[in-house]
Amino acid sequence: VHAGRERGSSNNQIRERDTQSTCGGGSNGRNKAVVSTQSTGIAGGGAPEIELSLKLAQYAATLSGVESHCIKAFADALEIIPFTLAENAGLPPIKIVTELRNRHA
């Protein structure tokens with residue numbers, strides 16, 4: 001958290017602060033789950049994990065047996081990342097992951 005910065009009264013200010021505190025501190029490699037109201041954005045906040053999860057689940061559906069189950073389990077595990085990011089950012093994780101899934105479908 002940046003010294004002297006307080007949380008604002010609007011969600012956009014909170015999200016901006018959370019993103020800045022995570023990304024601005026060096027190369028710690030962590031993201032916060034941020035859902036933007038703008039039409040453009042930067043891949044992050046769980047979006048790559050959701051996209052990969054959906055693609056892997058589609059691929060798993062074309063397979064059978066143990067391979068299918070393993071790939072599907074890995075796809076499901078990837079969804080933990082955006083869920084945890086949303087939860088850590090103080091956002092409703094189920095709503096955020098559902099919205100990410102819908103946007104990537």
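- No salt bridge links Glu99 with Lys95; every basic N to acidic carboxylate O contact stays at or beyond 4.0 Å.
- Nearest approach of Val97 to Glu79, heavy atoms of both residues: CG1-OE1, 4.2 Å.
- For Glu49 against Pro82, the heavy-atom pair with the smallest separation is CB-CD, 4.1 Å.
- Judged by distance alone, with hydrogens and angles left aside, the side-chain atoms of Ser68 form no donor-acceptor pair with the main-chain N or O of Gly65 at under 3.5 Å.
- We find the CG-CZ distance between Asn88 and Phe83 to be 10.5 Å, quoted to the nearest 0.5 Å.
- A single hydrophobic cluster is not seen to contain both Ile80 and Ile96; linkage of ILVMFWY side chains at heavy-atom distances under 4.5 Å, directly or through other members, places them apart.
- Separating the OG atom in Ser53 from the CZ atom in Arg101 is a distance of 7.5 Å, to the nearest 0.5 Å.
- Across all their heavy atoms, Ala60 and Lys72 have their closest contact at CB-N, 3.9 Å.
- Both Leu52 and Tyr59 sit in one connected hydrophobic cluster of ILVMFWY residues. Membership requires side-chain heavy atoms under 4.5 Å apart, directly or through other members.
- Closest non-hydrogen pair, Leu56 versus Ile71, comes out as O-CG2, 3.5 Å.
- Looking only at distances, a side-chain donor or acceptor of Thr98 sits under 3.5 Å from a matching main-chain atom of Ile94.
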